[in-house]
Structure formats: C-alpha cells, structure tokens
Protein chains: 2
Amino acid sequence: MADVAERAGVSTSTVSRTLRGLSTVSPEVRARVEQAARELDFAVSRHAASLVTGRTRNVAVLVPTLSSWFMGTALSGLARVLRAAGMELTVYVIPGMAERTAFFEHLPARRNADALLVFSFDLTDEETARLDDLAMPVVYVSQHVDGRPSVYVDDVAGALHGTRHLLNLGHRRIAYVRTEGACGFSFSSQERLVGYRQALAEAGLPLDDDLVVATPAGDKRGAAEAVGRLLGLREPPTAVFAEQDEVAVAVIWTLRATRIEVPGQMSVVGFDDQPVAQWFDLTTVAQSPSRIGQEAGELALSLIDDPGAERERHLVLPTHVIPRTTTAPPPAPRAEPQLPPD
Amino acid sequence: MADVAERAGVSTSTVSRTLRGLSTVSPEVRARVEQAARELDFAVSRHAASLVTGRTRNVAVLVPTLSSWFMGTALSGLARVLRAAGMELTVYVIPGMAERTAFFEHLPARRNADALLVFSFDLTDEETARLDDLAMPVVYVSQHVDGRPSVYVDDVAGALHGTRHLLNLGHRRIAYVRTEGACGFSFSSQERLVGYRQALAEAGLPLDDDLVVATPAGDKRGAAEAVGRLLGLREPPTAVFAEQDEVAVAVIWTLRATRIEVPGQMSVVGFDDQPVAQWFDLTTVAQSPSRIGQEAGELALSLIDDPGAERERHLVLPTHVIPRTTTAPPPAPRAEPQLPPD
DNA sequence: TTGAAAGCGCTAACAA
DNA sequence: TTGTTAGCGCTTTCAA
C-alpha cells in the first residue's frame, strides 16, 4: 500500500480511504490512486485490515461433507449472497467424529471469521454451548436450536403432505424407509418420521412399527434388505414413503428387480427432488437447498451488521409435493375368500 | 495472547513458541501455557500471524460451481488433505462471465492465500498470465496448462477405452454425444472427443460428423433432440458414447421412452461413474474426482513448501471402464435383400 | 530456555 | 480533503 501511496503521491491513509470507497476523497486524487493501484496490481491484505477492524470479511461454514446434492446446492446459494456482499467463504469439512471433536476443541473459526453457519449437524448441548461463546453470530442450518437463529425446511409438513398424497390415493398400508448411520443428518430424519406419523394419525390409521424400516443411504444392498422386510410382512404395504430421493430410488430399483411394478403394485414417494428424481420420474417432496443457503447467508450478514437483531429468528422454508409417475392408487385388493362375489 | 501469557506467567513470545510446537520450550512452561490457553479458550488469530509470517495457512480454490458431483467429490478429497496439513480452505465460486471478469480483475486471493487451485476452467492466455504474477503457487485441476503444475484425468485414454469397448462388442456405427454450453468444462469435453475419434481411427472407421451431436448437460429435452437427430440418420448408430453419465442417462431415458431397448437395440456408455450410473446400471468410464482433489492438494502443499519444485509437474490420473448392463453386441443386421439367405 | 522490542500492513482517531 | 500517528495481535530477531 505504501508503494501505491508513493506512486500516487499521497499518504497511505488516502489510499486506504480510496480503496474502501469512502466518500471523503477528491475525484482527482481518487483517480490517481486507482490508477496506481491498478498499475501495481495491488490488492488489500485482508489480514492486515481485519487485524485493525476486527472484522474478517469472511464467513465460515461447518459441513459434514461437500459431496452431496444438498450441500453442494446449499453452498452454491450461500456463496452467491456472500460474493454479492464482498465476503469470502471458508469451509470446514467435518466428515467424522474425530474431526468433529478436534473442531470443537480448538474452534479454529474463532476470530478468523465474522460468522459461522453450522449445517445439518445434530449438535449436543455441550457443542452448542461451545459455539455460544464464540463471540460471533452462529446460524444453524437444517436444524433448529432453541433460542438461536436457524434456517430449515419444514420437514414435518413435507412428510405430512407426501404421506397424505398416498392416503388420498387410497393407500392404507404405507411404509416409511428411513436412513441410518447418516450421522449429522438425523435431525431432518426425525422430523420427517414425525410428519409421516402425523398423517397416519390424522387418517385414523394405526402406527405399525413393522412398517418403519431403515437402510444406509444410497446403498442397494441395504435397501434390498429393508424392502425384503416389508415384503415379508403378513400384510405388506402398498406404498413407501422414503426419507430421501436416494433411498426412494434404491427402493424402486429393488422392486423392479423383483418384478414388482411401480406404481402398479407399489407406490413410492421420495423427499428432496434431486436430479435423480427426474430420471426416475419420482413423485417427491421438493425442497430448495439453494434457497436455504441463500436465506442462511442473508441472516448471517444481517447478524454481522447488527448482532442484536433476529437473535432468535427461525426461518422455516416450505416444501411442495411434486406428483410424478411413481404413485398411483393401490392395486385392487385380492378377492377375499369369506365374501362371495357379488 | 497477552492474557494467556499473563495467566501462565510468561512472555507472549513463549506463548507463541509453545502454541506453535517449537521445541525450545521447557516441559513445565509448556504445560502451564497450554493449560492457560485451554482455560481461556484461546485460538491464535491467523490474521495477525500471517501478517508477520507472510503465510496465511489458507488455500483458495476457484470453481465454477459447488453443486456438481465432480466438484463436490473433488473438494471433499481436497479438504481432507488440507485439514490434515492444518490449512484452511477458501472457496471462490465463479458461476458466470461477470463474476469471472471481476475475479481476474481484482484477484482477491492475492496475499490472502498460500496457493490457488483453479478447477475446470478453460482459461484464456491472458487469464493464465494474470495468475502467473500472483506470487503464489497455482495448480490447475482438470485441465492442462503448459509449463504449470496440473492435475487431470486422462480423458483421451478414457474415451479411447470406452469407445474401444463398443468396438470390441462389434459396433461399427458409434455416436458421440457431447455437452454444450457447459462453459468451463469444455476442456475435458474436447479431450474425450479426441479419444473417441482415436478409437474409431484405430479401427479403420471413418469419422462421420453426423454421429457427433450436442446437448446441454442434464436436460431431457435437449437429449431428446440429439437422439432424434441420430435416429433420423440414413444409417443410425447402434451405440452411443456420452461425454458424461448425466448425458448418458438422458439418452437412455429418451431411448426407453421411445421403446428402443438398451442395450438390445442401442448400447450406451457414459463417463464419470457418478452414483446415477449405478442406478441405471450404466457401463461407464470411471474417474475419481476425490483422488484428483487429493493429489491437487498434495501438489499445492509441496509447492507452498518449496516453490521451486515440481513447477511443471503434470499429474495424469487413470480411468477405467466399468462394464455394466447398458452395453451389448449390436443387434443382428436386418436381412440384406441383395444377398439370398444361405 | 526465556524475554524485550521491533515491525508485519493496514485502519482510525486526530490534527491540519 | 488530506496527512500523521498509534496500534491491532502476532512472530522474530537479538540479548540475556
């Protein structure tokens, strides 16, 4: 910066003021400084700047992975609003327990970011408490933490509507396939199951635990086992509500391999509306991670500007059912022996 | 840090030495300092540290998007090696031309990162030159830039082997479906087409431009048009090599909707081995973005430590064909009128 | 093995 | 409107 100042024949303060766009610089001087900065390819050191301002112009995110549709899409949405605000994005990827422990022990984001967005973790109270004394706004995404700003999709309503869609088609035996082992995502998982149960209760149907099975996400083998359990029931389901599209697709795969027609003999509903849902023409509950990322980013920015505001703001985003071709009315019941035809 | 020093009854220099793991600290003092740091939840300000060391312990990446399988997986691999090295990861998402121009104009990474990884862009010479005087190592990923460190998959060989697989099955009319409009990814795109042509040339087959069609990635409609053009040829293909799995899936979708059997009447090969390839049981050329990310990260770290080394290192990663159920020998040719049977 | 002091590159308060 | 000066929180000589 001293170089720029010298070349423009001004002091470093003036260079600083010019480069930050402060209005207290005369046009001629501004022009000279900008010219000099361009010629010298000068870029302000954010480090030096934040040392004195205390603001880093950097937002940190904590994510379990980068390689999922949800995370990729959400972070793209977030990145857009941060870029527009001139903020940078630092990503902490915490795939397992060891890394998680290390992160919470050292909290490396401390003093190195202006805000932290925590995605899709099911935090312990202790971990939440650690984040509380981080001295920066923390926004919880895809989870709700009481008394802290959170952005999430209405999983309960989504599952409720998806299940209702099946009920409205006439299904009475509806299974729920949840994911297991997807530690960190268990939050949405719980909520969706609640919505499913709520729909059944509404319809006056009993909750049959045999109809709730689990499988690791995206695993053909596990899905086959889960479907196998359902098909082996005394009274098997005529429809399946899957916690995620990937699970729905695995279920459909298994059913088709067994020559069980979808939706002829079994209807399937997913949750997400990932690209794969289109390829399978899957009826699904759509959510918009990109919107989630965007809203979370905007909330974080507003908290940075005014740490008092919206401290307890919960933003609940909507979902909507997209009917496609994997749902239909249940097959006609088999002739029931005890009732003579006509 | 002053607080920690006071609490431990030492100078800030000693705290600094302790926290950086320097060996010139006596065990008792080290214990006291670590204790104090823990009690005060102290984390070093990277900003202040880098101001004096000149190293930021931060690696920047430039990516066109975060919401693709390739990027998500590659960045996960990269994040792993960076975390192990105690480096942080800053992501610049540059989805369009406007953002790209802005990035290259200001080069915000300058002085704010120790290295830059540029993913999947087809850079102009001018842009490359800009990056050259960034005063930090720049690693090019998924592209080769002469004389600069690059990490990429052997797209030519991949497409060559994929096409050969079709040739070996007996196919002679093989179409190539490329993506268009996916600006920034055009590099791999070109290379794969080269591999395809090479395979045909090897087999002594003519290059028929009618067999090369384009479609926007992941677009059902566009794929239908492209497939339509192929099916309308005087001599339609019996197999399709698709530049990416997503395109292959769209092609299969269209074919099946038209009651053209895959692989009975048309074989299809993809490139990537994304999860969707499994769901479609797609024969494909597999690459490992996670490995790419990892290697790129390691290369960047080594360049940071020793800017002289490996300055021109090109790391070319292998691919392999995964045969699944979308490829088979071509259908028996129709009876040819001019030859009497037997 | 430890401490004192200088200074990294910037911004902010104050003076001019 | 501009310049001078102090100091942000560290690391790094250099001296002890």
Side-chain angles (χ1 to χ4, degrees), chain A residues 1-37 40-58 86 88 106-114 134-136, chain B residues 1-37 40-58 86 88 106-114 134-136:
Chain A
M1 185 174 262
D3 296 345
V4 178
E6 190 182 7
R7 190 181 193 100
V10 296
S11 70
T12 59
S13 323
T14 303
V15 174
S16 173
R17 282 190 276 256
T18 306
L19 265 30
R20 279 177 297 149
L22 300 191
S23 55
T24 61
V25 180
S26 71
E28 317 99 86
V29 172
R30 168 171 298 276
R32 274 213 321 277
V33 171
E34 282 171 348
Q35 168 83 10
L40 293 171
D41 267 336
F42 177 79
V44 168
S45 160
R46 291 189 169 223
H47 297 299
S50 54
L51 193 54
V52 32
T53 60
R55 292 191 43 174
T56 63
R57 305 199 62 74
N58 184 48
E88 302 200 330
H106 296 111
L107 287 182
R110 187 192 297 279
R111 302 207 285 159
N112 295 303
D114 293 339
L134 204 43
M136 70 175 79
Chain B
M1 185 174 259
D3 296 346
V4 178
E6 191 182 7
R7 191 180 192 102
V10 296
S11 70
T12 57
S13 321
T14 303
V15 174
S16 173
R17 282 190 275 256
T18 306
L19 266 28
R20 279 178 298 147
L22 300 191
S23 55
T24 60
V25 180
S26 73
E28 318 99 86
V29 171
R30 166 173 298 276
R32 277 216 314 279
V33 170
E34 283 172 348
Q35 168 84 12
L40 293 170
D41 267 337
F42 177 79
V44 169
S45 160
R46 292 188 169 224
H47 297 299
S50 54
L51 193 55
V52 31
T53 60
R55 291 190 44 174
T56 62
R57 304 199 62 75
N58 184 47
E88 301 199 333
H106 297 110
L107 286 182
R110 186 193 297 279
R111 302 208 286 159
N112 296 304
D114 293 339
L134 204 44
M136 70 175 81

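Order of the sequence lines fixes the chain letters, A, B, ..., with proteins taken first and strands second; residue numbering starts at 1 for each chain. Worth knowing before you read on, the calculation uses all heavy atoms, side chains too, and leaves out hydrogens, waters and symmetry mates. Here the structure is a predicted model, which is why all the values come from computation and not from measurement.
Taking OG from B/Ser45 and CG from B/Leu51, the interatomic distance works out to 9.0 Å, rounded to the nearest 0.5 Å. Taking CG of B/Leu107 as the start and CG of B/Asn112 as the end, the distance is 11.0 Å to the nearest 0.5 Å. Note that CD of B/Glu88 is 8.0 Å distant from CG of A/Asn58, once rounded to the nearest 0.5 Å.
For the pair B/Thr18 (side chain) and B/Thr14 (backbone), a donor-acceptor distance under 3.5 Å is present. Not a single donor-acceptor pair under 3.5 Å links the side chain of A/Arg7 to the backbone N or O of A/Leu40. Side-chain atoms of A/Asp3 never come within 3.5 Å of backbone atoms of A/Met1 as a donor-acceptor pair (strictly under, hydrogens ignored). Judged by distance alone, with hydrogens and angles left aside, the side-chain atoms of B/Arg111 form a donor-acceptor pair with the main-chain N or O of A/Ala43 at under 3.5 Å.
Counting any heavy atom pair closer than 4.0 Å across all strands shown, A/Thr14 reaches sugar-phosphate atoms only and no base atom.
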Summarise how protein sits on nucleotides 9-16 of chain D as a single string, 5' to 3': B when a protein heavy atom is under 4.0 Å from the base, S for sugar-phosphate-only contact, - for no contact.
BBBB----
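Considering every non-hydrogen atom in both A/Thr56 and A/Arg46, the closest pair reads O-NH1, 4.3 Å.
For the segment residues 26-34 of chain A, residues with any heavy atom less than 4.0 angstrom from an atom of DNA chain D are, sorted by number, A/Ser26, A/Val29.
Rounded to whole Å, the distance from CZ on B/Arg110 to P on C/dG9 is 15 Å. In this structure, A/Arg46 places its CZ atom 19 Å from C1' of C/dC8, rounding to the nearest Å.
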